[in-house]
Amino acid sequence: MATAIVFVELPKFKQPLNRLETITDKWLYFLKCANQLEAVPSSLESIPAINHAFSVAKQSKLSRKELEVLENREIFTHDSRNAILKARQEGREEGEAIGAKQKAITIARQLLNVLDVDTISQMTGLSIAEIQTLT
């Protein structure tokens, strides 16, 4: 894919929002009007890079204190998301361990009348005390 270089004098770009056709037109409109926009116009929303550029432009207008608050909010969101993912993983692991233990107990109960407690313990991984409570 070839990359085109476009040279433009932004003051001479007069295309109205409702007549933007090419991606170049849309970018030029954004570059010319970004400091006046409160939100990304709906006709430009379909371009993810323009949405990102708008977000960056919006942040550049923030004071140092506002940037700190925004950064702290993003850190909090990131940390919260990671805490949720970790809790899900731990819950999954705990559930699997409980399931494995229940399976071992079920097998041990079936073997009680067939094998001795020591052998059942070796086969299921349950302690002798755990097996004895099943009888």
Side-chain angles (χ1 to χ4, degrees):
M1 183 168 85
T3 302
I5 297 177
V6 178
F7 294 94
V8 176
E9 293 180 49
L10 284 179
K12 292 182 179 177
F13 181 79
K14 306 280 188 207
Q15 196 87 359
L17 182 60
N18 62 351
R19 306 232 19 236
L20 303 176
E21 294 177 13
T22 67
I23 187 114
T24 303
D25 290 345
K26 292 175 181 181
W27 270 107
L28 292 173
Y29 181 87
F30 173 79
L31 290 172
K32 183 175 181 181
C33 302
N35 63 343
Q36 301 156 7
L37 297 173
E38 292 295 319
V40 178
S42 59
S43 61
L44 304 181
E45 283 181 333
S46 63
I47 304 167
I50 289 181
N51 286 307
H52 179 69
F54 181 78
S55 175
V56 171
K58 194 174 175 185
Q59 287 180 14
S60 71
K61 294 180 185 178
L62 299 177
S63 69
R64 179 177 220 97
K65 183 69 177 169
E66 290 169 325
L67 280 171
E68 282 180 28
V69 168
L70 180 64
E71 184 176 293
N72 288 337
R73 189 177 303 142
E74 288 174 358
I75 289 170
F76 175 77
T77 302
H78 185 266
D79 289 348
S80 296
R81 187 177 304 123
N82 284 339
I84 290 168
L85 291 173
K86 184 176 185 213
R88 282 183 179 166
Q89 180 63 32
E90 288 173 354
R92 198 173 295 118
E93 290 170 0
E94 186 177 332
E96 289 171 359
I98 290 170
K101 180 91 168 193
Q102 291 301 321
K103 186 175 182 180
I105 289 171
T106 301
I107 292 169
R109 279 194 178 118
Q110 293 170 351
L111 296 174
L112 278 173
N113 295 330
V114 179
L115 300 172
D116 63 285
V117 176
D118 289 328
T119 306
I120 295 171
S121 176
Q122 290 173 359
M123 292 180 70
T124 62
L126 296 173
S127 69
I128 292 173
E130 289 173 314
I131 295 170
Q132 288 172 339
T133 62
L134 301 176
T135 56

How far does CZ of Phe30 sit from CG of Leu44, to the nearest 0.5 angstrom? 8.5 Å
Mark yes or no for whether Gln15, through its side chain, and Arg19, through its backbone, hold a donor-acceptor pair below 3.5 Å. yes
Nearest 0.5 Å please: distance from the OG1 atom of Thr106 over to the CG atom of Leu111. 11.0 Å
Please determine whether the number of non-hydrogen atoms from other residues, nucleotides or ligands lying under 6.0 Å from atom CD of Glu9 exceeds 12. no
Side-chain donor/acceptor of Thr77 to backbone N/O of Arg73, under 3.5 Å: yes
With Leu20 as partner, the option from Thr24, Leu17, Asn18, Ile23 fulfilling side-chain contact (heavy atoms from CB on, under 4.5 Å) is Leu17
Can you measure from CD1 (Ile98) to CD (Glu96) and round to the nearest 0.5 angstrom? 11.0 Å
Verify the cluster assignment for Val117 and Val114: are they in a single hydrophobic cluster under the rule of side-chain heavy atoms below 4.5 Å apart? yes
Looking at Glu74, I'd like to know if its CD atom is crowded, meaning that more than 12 non-hydrogen atoms belonging to other residues, nucleotides or ligands lie closer than 6.0 Å. yes
Of the non-hydrogen atoms in Glu21 and Lys26, which two are nearest, and what is the gap between them? O-CE, 4.3 Å
What residues form a side-chain contact (heavy atoms from CB on, under 4.5 Å) with Ala108, not counting sequence neighbours? Ile120, Thr124, Leu126, Leu134
Least distance between heavy atoms, Pro41 atom then Tyr29 atom: CG-CE2, 4.4 Å
For the CG atom of Leu10 and the CG atom of Leu28, what is their distance to the nearest 0.5 Å? 6.5 Å
Once you round to the nearest 0.5 Å, how far does CD1 of Ile128 lie from CD of Glu130? 10.5 Å
Flag the pair Met123 / Ile107 as yes when at least one side-chain heavy-atom distance between them is below 4.5 Å, and no otherwise. no
With salt bridge (charged side-chain N to carboxylate O under 4.0 Å, His left out) as the criterion, how do Glu90 and Lys86 come out once you've worked through the C-alpha distance, each side chain's angles and the decisive distance to 0.1 Å? CA-CA 6 Å; Glu90 288 173 354; Lys86 184 176 185 213; 3.4 Å; yes
Would you say that Arg92 contacts Gln89 through its side chain, given a criterion of any heavy-atom pair below 4.5 Å between the two side chains? yes
Between Asp25 and Phe13, which heavy-atom pair has the shortest distance, and what is it? O-CZ, 3.6 Å
